[in-house]
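All remarks here apply to the structure that follows.
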Amino acid sequence: MIKIGMIGMSPGNAHPYSWSAIINGKYDVNEINNAGFPAVSDYLEANKDTLGVLGAQVTHIWCDEINRAKSIAISGQIEYVVQNLEDIIGEVDAIILGRDDPENHWELAKPFLDANIPIFIDKPLAINLDELISYEQYIKNGRFLMSCSSMRYSAEILAAKSSIKSLGKIHLLTVVGKKDWKKYGVHMVEATMSLLNDPKALSVQYLGKDGYDIVLLEINTECYASIHLINDITGTFQVSVYGENAWLSIDIKNSYSMFKENILEFVKSLNQKKPTLDFNKTKNVIQIVAAALKSKNLSGEKINL
């Protein structure tokens, strides 16, 4: 049995509840609803027959608020609530850092990287390129680090990849979602990059404003992605792809499926002693996300990659 320690949580991010439930196969509807995440309990209820990951168990939970850790432990039937972060070291086989506040990831992840404990870091890995370089150095030194948006494993994206060749040469993608670039830009970029088999983009330019994050991604000299994240629209993740022969629209709705597949890939990676996801793909995505923020700070200056 692979023992996993869960580190959570950041405001508005329910992954410590949902991912613990998906792995352990147990959840408490009232705890999740009282925490403010009824949509999570809804999709767990809808998929309860497929909950549980064979050979893995979340056994330890730490949060910077002890009452939150206790709530997650009750919901997912996690045996140990840990008071101090470093107390998890030596007690588990792997870590899931289930927070989506990238400005805190490095401080939380470093003790486990130093202790050579395999870790999955929730999206986005970083928005600071110096931190990205530091993560990469750990990987070069043989540490196990995996990070991505679950969009990479979206059933809708994977299905579209199987038919994308029929579109012919692709010239444009329009990508639309809700919320802000810092936390959710990685979803949009990960979906775009994985759909196109992770090309190296040429440039990024921020064209929006607060509440209306609009980013133009130059994938090559004949292909662009126009990415839109708007705070006050209805919840959605959509990708439209336009080729010379045809076009397709991808409406990404099945959150549970992508989370479950992401977790399964992490557990498979643990069994293989090596991430199934090449870190260069993660690096590519994070560089784009960070470059867009840099462009925003430079009043929309085009950033060459």
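This one's a predicted model, so the numbers in the text were calculated from it and none came from an experiment.
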Worksheet item: Would you say the ring centroid of H15 lies under 6.0 angstrom from that of F259?
Response: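 Judged by ring-centre distance (under 6.0 Å), H15 and F259 do meet the cut-off.
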Item to complete: Taking the six-membered ring for Trp and the full ring for Phe, Tyr or His, determine whether the centres of H60 and Y80 are under 6.0 Å apart.
Response: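 Yes, the ring centres sit under 6.0 Å apart.
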Cationic N near anionic O, under 4.0 Å, [X] to [Y]:
| X | Y | answer |
| --- | --- | --- |
| E190 | K123 | no |
| E91 | K3 | no |
| E103 | K182 | yes |
| D232 | K179 | no |
| D122 | R99 | no |

Would you give the length of the straight line joining atom [atom1] of [X] to atom [atom2] of [Y], rounded to the nearest 0.5 angstrom?
| X | Y | atom1 | atom2 | value |
| --- | --- | --- | --- | --- |
| K281 | R152 | NZ | CZ | 6.0 Å |
| L145 | R143 | CG | CZ | 11.5 Å |
| C148 | F120 | SG | CZ | 4.5 Å |
| W106 | L125 | CH2 | CG | 9.5 Å |

Discussion item. Does the structure place the NZ or CZ of K209 under 6.0 Å from the centre of the six-membered ring of Y212, at an angle of no more than 45° from the ring's axis?
Written reply: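 Satisfied, under 6.0 Å and within 45°.
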Worksheet item: Between L173 and L167, is there a shared hydrophobic cluster once you connect ILVMFWY residues whose side-chain heavy atoms come closer than 4.5 Å?
Response: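 Yes: a chain of side-chain contacts under 4.5 Å links L173 to L167.
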Discussion item. In terms of relative ring orientation, are H187 and F237 parallel, tilted or perpendicular, with 30° and 60° separating the classes?
Written reply: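 Geometry flag for F237 against H187: perpendicular rings.
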Worksheet item: Is it true that the side chains of Y17 and S71 contain a donor and an acceptor less than 3.5 Å apart?
Response: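 Distance-only check passes for Y17 and S71.
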